[in-house]
Amino acid sequence: MKMCCIQMLLFHLFISPCFVTSTRPLIHVFGYEGREASLSCPYDAGYEDYKKYLCRNGCGSNDIVITTTEAKKNRFSIRDDINKKVFTTSISNIQYSEAGKYWCGVTKIGIDYYPAEVSLEVVKDTCCDSTTKVQSYEGGSVSFTCPYESRYQNNLKYMCRGNRPSTCLQQAVVSSIKKQDTRFTLTDDKLSTFTVNITSLTQQDSGSYLCGVHTNTGLDVFSAVYLEVEGNTCCDSSTKVQSYEGGSVSFTCSYEPQYQNNLKYMCRENRPSTCLQQAVVSSTKKQDTRFTLTDDKLSTFTVNITSLTQQDSGSYLCGVHTNTGLDVFSAVDLEVKEWCCVKSNKLRGSVGHPLTMQCPYPTQHGTNRKFLCKGDHHRTCTNMMTDTRFTLLDNVSTSSFLVMVSELEAGDSGTYWCGSDSHWSFGNYTNVQLSVDVAAFNTVVFIAPAVLVFVLIFVMVMVCKHKCHKGKATGAIVETRQKQHKAGDVMTSDSDIYENQDVVVFSKQRKSKQQSSFSHYDAGGAEQDLYENVNTTEAMYCNEFCRDVNKR
């Protein structure tokens, strides 16, 4: 019985491949679950015509997986390359349960020959535990930075779509051998990273990508990237801003507090993909000719544009760079209108006669400086209030002011601009086209009915009352001047025109009730000229009024 046990032990020692493991190579093979794995077994010369097989565990009769005489068995197949002296066993749809130790065997008389031991490791065919998310816009470009260990500096690098490591190398869209493929470019720094750039992005480019490093072990090293390509338009809503030629405009762009220190910028059009590259101004380039950017470092930044032209009309994007490839934007639509469309009026007057212009202004401009200038363009017009013939009277209650010309000259014909806004904002100005005839022409007054009553009747009544108090002598003077007017005489001397100086006193009393800015415009006593130069039609009215009073 003891001898039998010794014989059995010797038998197992001789037939088991374990006793040769110390002298045979160990081959590591990696396979992906559900995919195919190949186990290659080299052998020595002289065994070309021998039967080969692959076995597991102790390589008993039940442990043989497949032999070269079977070629294919279930999910296993085998082929022998006698020229290379290697036979290879392939396993399709490999399962976790098939991981473990295998032996490459060669059948011969006596003890079989076991040229190698194979260790098969099965891993999941997905990658990876973490994924880098990258965002960009349709029509733009994007770059993936793929890290690797320094020991792989000279290994093959590649990128594929999807997240199946088993087929990534075979389906690579670009690699360090094929560095450019249409829209894909690979650049390797030969240190620790390689970069893949994709241009002309479409929304179909969205999805998973793998950065791969080939390790020659069957199990490459990967990192995962997820690309999201957004439509290249922005945004769901936009702020509409209007301004006018020659003026200025400001855009206020809000952002979240987390972006306080991020780069801010503005570009034209509404293509987020190229906005940063085509920015007209940014927080690093705060001023560019007509564009200025100011960041409050809290929640808003402001872009100001000066000297506007109609070509500035269009879409703009306020951008905040987020370092993710998908910046944050808000949209603005700017409309720049022509100055030709301001309120325009035409007046006619005659040489030697007075004329009055009325200029309305916004109610909020009651305390603003009012002025009148002359010229073909508002930007180059000449201030007319330095001419003593021109007097400005502001009536805050009617939100308008009057400019009175005591005696027209032929050279007064032309284009005038009257307004209350030094920024020349559209809608705050009136354009007056004045034609002056050399022939006699009745006094022209461009004035609203309400103001007409206020200026003509009130002033004339006050003047006439004062004249009536002076008595018949004063009335006679007025009557004489009326006759002179009817005779066609032209009064040219200040001493000839209404010698009653109480009218001037009345004008100065009214001044205290008007806007204090009166004094800005009455150069050289122009206020007095306004009231002393009442036209002859008004004189006739006063004479009639005084006669009625005297009769009483």
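Computed from a prediction, not measured in an experiment: that's the story for all the values here. One-based numbering along the sequence shown.
- With contacts defined as side-chain heavy-atom distances shorter than 4.5 Å, the pair Pro272/Asn232 qualifies.
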>> Between Leu186 and Phe144, is the side chain to side chain contact (heavy atoms under 4.5 Å, CB included) condition met? List the steps.
In response: CA-CA 9 Å; Leu186 187 148; Phe144 302 147; over 6 Å; no

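- Under the 4.5 Å side-chain criterion, counting only non-hydrogen atoms from C-beta, Gln95 is not in contact with Val122.
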>> Walk me through whether Leu39 and Ile27 qualify under side chain to side chain contact (heavy atoms under 4.5 Å, CB included).
In response: CA-CA 8 Å; Leu39 291 67; Ile27 302 172; over 6 Å; no

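- For the pair Val213 and Phe194, the minimum side-chain heavy-atom distance is below 4.5 Å.
- Between the side chains of Ser38 and Ser90, a donor-acceptor pair is found at a separation under 3.5 Å.
- For the pair Thr193 and Pro147, the tightest heavy-atom approach, listed with the atom from each and the gap, is CG2-CA, 4.0 Å.
- Between Asp63 and Arg56 there is no salt bridge, since no side-chain N of the basic residue sits under 4.0 Å from a carboxylate O of the acidic one.
- Within the 4.5 Å cutoff, the side chain of Tyr416 has no heavy atoms near those of the Thr430 side chain.
- No option in Asp112, Thr89, Thr68 other than Asp112 meets the side-chain hydrogen bond (donor to acceptor under 3.5 Å, both in side chains) test with Tyr53.
- Using a 4.5 Å heavy-atom threshold, the side chains of Ile91 and Leu120 count as touching.
- The backbone N or O of Ser92 lies less than 3.5 Å from a partner atom in the side chain of Arg75, making a donor-acceptor pair.
- Between Tyr113 and Tyr47, the ring centre distance stays below 6.0 Å.
- In this structure, Asp312 and Arg290 have side chains that are in contact, with non-hydrogen atoms separated by less than 4.5 Å.
- Taking the six-membered ring where the residue is Trp, Phe329 and Tyr137 present perpendicular rings, their angle passing 60° and hence far from 30°.
- In this structure, NZ in Lys124 is found 7.5 Å from CD in Glu33, a value given to the nearest 0.5 Å.
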>> Using side chain to side chain contact (heavy atoms under 4.5 Å, CB included), reason through Cys318 and Met266 one step at a time and then give a plain yes or no.
In response: CA-CA 5 Å; Cys318 302; Met266 172 169 274; 3.4 Å; yes

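- You'll find the side chain of Lys178 stays beyond 4.5 Å of the side chain of Val173, heavy atoms only.
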>> Could you walk me through whether Arg35 and Thr167 satisfy the side chain to side chain contact (heavy atoms under 4.5 Å, CB included) test, starting with their C-alpha distance in whole Å, then the side-chain angles of each, then the deciding distance to 0.1 Å, before giving a yes or no?
In response: CA-CA 9 Å; Arg35 308 302 294 175; Thr167 58; 2.8 Å; yes

>> Please determine whether side-chain hydrogen bond (donor to acceptor under 3.5 Å, both in side chains) holds for the pair Asp188 and Tyr148, giving the CA-CA distance in whole Å, both sets of side-chain angles, and the decisive distance to 0.1 Å.
In response: CA-CA 11 Å; Asp188 187 3; Tyr148 59 82; 2.7 Å; yes

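- Not less than 2.5 angstrom separates the SG atom of Cys418 from that of Cys373.
- Between His377 and Trp417, the ring planes are tilted. Angles from 30° to 60° get that label.
- Remark: the backbone N or O of Thr131 is not paired with any side-chain donor or acceptor of Lys133 at under 3.5 angstrom.
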>> For a side-chain hydrogen bond (donor to acceptor under 3.5 Å, both in side chains) check, start with the C-alpha distance between Tyr158 and Asp220, then their side-chain angles and the critical distance, and finish with the verdict.
In response: CA-CA 11 Å; Tyr158 58 95; Asp220 291 351; 2.6 Å; yes

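- With hydrogens and angles ignored, the 3.5 Å screen pairs no side-chain donor or acceptor of Lys240 with any backbone N or O of Ser238.
- Looking at Arg271 and Gln278, their side chains never come closer than 4.5 Å, going by heavy atoms from C-beta outward.
- Between the side chains of Gln433 and Thr415, at least one donor-acceptor pair of N or O atoms lies under 3.5 Å.
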